[in-house]
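Note sheet for the following structure.
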Amino acid sequence: MSGALCQLLSEKHPMATERYNPRTSEPKWQKAWAEKKLFEAQNDDPKPKYYVLEMFPYPSGKIHIGHTRNYTMGDVVARYKRARGFNVLHPMGWDAFGMPAENAAMQNKVHPKDWTYENIAVMREQLKMMGLSLDWAREFATCDVDYYHRQQMLFLDFVEKGLVTRKSSKVNWDPEDMTVLANEQVIDGRGWRSGALVEQRELTQWFFKITEFAQDLLDSLDRLDEWPEKVKLMQHNWIGRSEGLLIRWPLAVASSDKIGGDTRELEVYTTRPDTIFGASFMAVAADHPLARKAAESNVELAKFIEEVRHMGTSVAALETAEKKGFDTGIRVVHPFDETWTLPVYVANFVLMEYGTGAIFGCPSGDQRDLDFANKYGLPVIPVVMPEDADAKTFQVIEEAYVDDGVMINSRFLDGMKPEKAFNEVAKLLEEKTIGGRPMAERKVNFRLRDWGISRQRYWGCPIPMIHCEACGVVPVPKADLPVKLPDDIEFDRPGNPLDRHPTWRHVKCPQCGRDARRETDTMDTFVDSSWYFARFTAPWANEPTEPKAADEWLAVDQYIGGIEHAILHLLYSRFFTRAMRETGHLNLAEPFKGLFTQGMVVHETYRVGGPSNNGRWLSPSEVRLEDIDGKRHAVEIATGEEATIGALEKMSKSKKNTVSPEEITDGYGADTARWFMLSDSPPERDVEWTDEGAAGAHRFVQRVWRLVQIAAEQLPGVKPVAAKDGEAGAVSKSAHKILKAVGEDIEKLGFNRAIARIYELANVLATPLNDVAEGKADAALKGACREAVEIMVHIIAPVMPHLAEECWQALGGAEMVAERPWPVFDPALVVDNEIVLPVQVNGKKRGDLTIARDADQGAVEKAVLALDFVQKALEGKAPRKVIIVPQRIVNVVA
RNA sequence: GCGGACGUGGCGGAAUUGGUAGACGCAAGGGACUUAAAAUCCCUCGAUCUCUGAUCGUACGGGUUCGAUUCCCGUCGUCCGCACCA
């Protein structure tokens, strides 16, 4: 910029520039929106529908900034879609059952109900301060009797349809507290409270038969084209369909006799029957019937099984533990060789839940089997080798060979490809018989297990079933619902308070009228969150849904939530929608049309007393950051002690690196917080909260306000008109290009890109608006500026709705921006007549070519070859090749 | 352990999905204005060198291509999920 212009800009404008004050503006507009009920969706609205939903929060006590980023994303979409003429449903609720309420009850002697509803009240106010365009009329909490009543109705309908079953499964048992522990409550194999060694226990529990939908849940993934590929892949792998062979290995006669003689075979599921000649051992789960049988006469083995049972139930714990086995002494006979017997081990890495709970180990073709074989001195026979290897010298010692290749050391299979060998083994074993059955059967197996929903806890939805000694398990009649949680409970002892309640569990059997007892298990909280999105479509309904409303609103057009829910919550919801379809509550299979998984908000951590485990964590507000010789230091304000700056981590209470929304809204206002959270970082990635970033965002708020004030004072009554040429034309072209880009970016949830474009528009407007203020603008520039400012106000509105309203009012707008349509760009203004083509020589950029947009390839080539830097590079020779990518780039190969 | 991602200046990131690497913002430095400060405005800002130019540069090492941040193979690092946290 020239010195003269600098001088002009520095001259004081005649008007006083008042700073924008969010503390007065934001509540004012929030009230105005609420009074007009702008965000309450009507089910009978004839406009096209759009359902945007963010995963609802657990009411842990306070909203933190991570929540608000999530909700702001949804809010931007909701406000944008509303402006585009959609009937938008954007509801909010509370995932309100769960363990933390019970923990609070035990620690602080608060009733889980009071604790939860108090938290909800606090968090609702926090959300309201953020200016989210939510339909609060549809709000509910999953712990509302009204909601779990309908969930019990759904449960009974599922029971009737045969979608519910009872079976035995394992839980983490804390022998000291006499209670069931969640996986997260098991730390290094011990109970988090008692410190006692946890053991596995079998309990009869309730399950939803999600496995009946396994194939459909898998196949339907292909049609979810608005889901991230990675989530679909994760679900694909989780469902884990495999085609394999069930092989029945005969027990050696001596072995069979040893364990009583009535067990004569070992059933094994394998996806690699082709490697059957590489087998060197069998391994069964610790709770496999054969293991138990063998342990009856083997004290050492019983001890080993006991040890395995102390590992906790989580797969991660099992698989990261050292691979261990114990030889049962039992031997099986090889299906293709009666003289070949193999040992049967009990192994800690074999899971009873998967397949048949027994495997055959082929060390050369599986790394885990190889490690196991090496540890216990079992033979390693390579049976598949790369096609170009030599069968005589090919060896497997430390590293298993798992790729495709050719069969070796496998008798009649030698030379085949593994796939053919698979079919050959299957065919031959299907023909053989054992105990009157074929020795092998082809079987499709899923890794997916049925969904265990029983929880031995108080704060959850009671399972509406009754146990009668005469009639068995009887459903509570629908007329007797809801089964309400009793309020008078004690948390003075661990365990489930429902179990020891004096009266609650006693009930008459609905069938025979005799004394019976209620089921005291409550449902997994994932059940609550598996259908809340459907309930939002008619939260007033007496039935779980109003099927018409559900079918009209669903699927959710845009669902937004954390990647941590990529598997369980989303898979369970997909199951639930199918089950609700079978029971007539709605009529679709897939609940979420578009899915977006956003990143977390992270913050540095600070601790004093060294980085070791005994350090003391400090919150950002307790720390002063200093810059010494370019190095950042953190000092505890209270003591002056130097604190260690730790890694960026997910905000958590334990590490005290949380930032609450009030810390920003109290100072800068909600719009600044919303703007900052969406700028810079792409929404799917984590965002680091920094004070500098928030301050920068706030500077922009004030900058927009200043620009609008100039326009409001200098351009009153000026008609907004786009210009085609000159300085005014440049303003209009930029404004329309940016308007177009911002719309496209929001559609793609590219909020950070949209924000970068809006910054550009503000930059573009700065000089012309100053010209206007200096009285140097002609009518065309005034009209163009007025139009561009109005565009700017509308495109900031989804992210900074309060500021937009204040600006629009200053510009003399009659209605609120929240009620106004999205501006329309002029297609003629978003294309340029001349384009600048980068010109490369041998793939390196050497200059530009400015040429008419519609110039044909020949004209482009001619113009490029005439450029002096191209001539110089060619040294008078003809180019070997000229690659012209239309509208993109030119590459001259010399 | 298994599964899934990510890695670009001092920092957050952009790059029309194979076509100008570093848009936009933050931080930093310099300047204007001011009695001064804040605020605001302007300029510079990947590295190196023989500095109006050239070379290198997108975690690291290879490969495919006229052209690679983008695709392929390998290595390293960070993060998420693993079924009773929500």
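Chain letters run A, B, ... following the sequence lines, proteins first and then strands; every chain starts at 1.
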Identify whether any heavy atom of [X] sits under 4.0 Å from a base atom; if not, whether one sits that close to sugar-phosphate; answer base, sugar-phosphate or nothing.
{"X": "A:Phe526", "value": "base"}
{"X": "A:Lys845", "value": "base"}
{"X": "A:Ser529", "value": "nothing"}
{"X": "A:Trp238", "value": "base"}

If the P atom of B:A23 is compared with that of B:U44, how far apart are they to the nearest Å?
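To the nearest whole Å, 12 Å.
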Residue [X], side-chain atoms from C-beta onward, closest of [options]:
{"X": "A:Asp95", "options": "B:A86, B:C84, B:G25", "result": "B:A86"}
{"X": "A:Arg706", "options": "B:C41, B:C82, B:C84", "result": "B:C41"}
{"X": "A:Pro682", "options": "B:A14, B:C84, B:A39", "result": "B:A14"}
{"X": "A:Arg699", "options": "B:A27, B:A5, B:G13", "result": "B:A27"}
{"X": "A:Asp848", "options": "B:A83, B:U20, B:C24", "result": "B:U20"}
{"X": "A:Arg846", "options": "B:G4, B:U55, B:C66", "result": "B:U55"}
{"X": "A:Glu760", "options": "B:C84, B:C66, B:C24", "result": "B:C24"}
{"X": "A:Gln205", "options": "B:C84, B:C82, B:A21", "result": "B:C84"}
{"X": "A:Asn183", "options": "B:G1, B:C85, B:U17", "result": "B:C85"}
{"X": "A:Met99", "options": "B:G4, B:A27, B:A86", "result": "B:A86"}

Would you list the pairs meeting salt bridge (Lys or Arg N to Asp or Glu O under 4.0 Å) in which at least one residue belongs to residues 746-761 of chain A, sequence neighbours left out?
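Every salt bridge (Lys or Arg N to Asp or Glu O under 4.0 Å) pair that includes a residue of residues 746-761 of chain A, provided the two are not neighbours, is A:Lys81-A:Glu747, A:Asp745-A:Arg753, A:Arg757-A:Glu760.
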Got a donor-acceptor pair under 3.5 Å from the side chain of [X] to the base of [N]?
{"X": "A:Asn237", "N": "B:G3", "result": "no"}
{"X": "A:Gln456", "N": "B:C84", "result": "yes"}
{"X": "A:Gln367", "N": "B:G1", "result": "no"}

Testing A:Tyr668, A:Trp705, A:Trp675, A:Tyr20 one by one against A:His698 for a ring pair (Phe, Tyr, Trp, His ring centres under 6.0 Å), which residue passes?
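Single pass found, and it is A:Tyr668.
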With A:Phe526 via ring-ring contact (aromatic ring centres under 6.0 Å, His included) - residues at least two apart
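ring-ring contact (aromatic ring centres under 6.0 Å, His included) list for A:Phe526, sorted by chain: A:Tyr572.
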Test ring-ring contact (aromatic ring centres under 6.0 Å, His included) applied to A:Trp94 - qualifying residues, sequence neighbours left out
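For A:Trp94 there are no ring-ring contact (aromatic ring centres under 6.0 Å, His included) partners, ignoring immediate neighbours.
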Going by an N to O cut-off under 4.0 Å, is there a salt bridge joining A:Asp450 and A:Lys209?
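Salt bridge between A:Asp450 and A:Lys209, a charged N being under 4.0 Å from a carboxylate O: no.
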Less than 4.0 angstrom between a side-chain N/O of [X] and OP1 or OP2 of [N], yes or no?
{"X": "A:Arg447", "N": "B:G3", "answer": "no"}
{"X": "A:Ser681", "N": "B:G12", "answer": "no"}
{"X": "A:Asn763", "N": "B:G25", "answer": "yes"}

Partner set under side-chain hydrogen bond (donor to acceptor under 3.5 Å, both in side chains) for A:Gln205, not counting sequence neighbours:
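For A:Gln205 the side-chain hydrogen bond (donor to acceptor under 3.5 Å, both in side chains) partners, ignoring immediate neighbours, are A:Ser169, A:Gln456.
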For A:Asp528, give me all partners under side-chain hydrogen bond (donor to acceptor under 3.5 Å, both in side chains), at least two apart in sequence or on another chain.
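Expected list: A:Gln151.
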Pairing annotation in dot-bracket form, given for RNA chain B with Watson-Crick or G-U pairs under 3.5 Å and | for cross-strand partners:
(((((((..(((......[....))).(((((.......))))).((((...))))..(((((..]....))))))))))))....
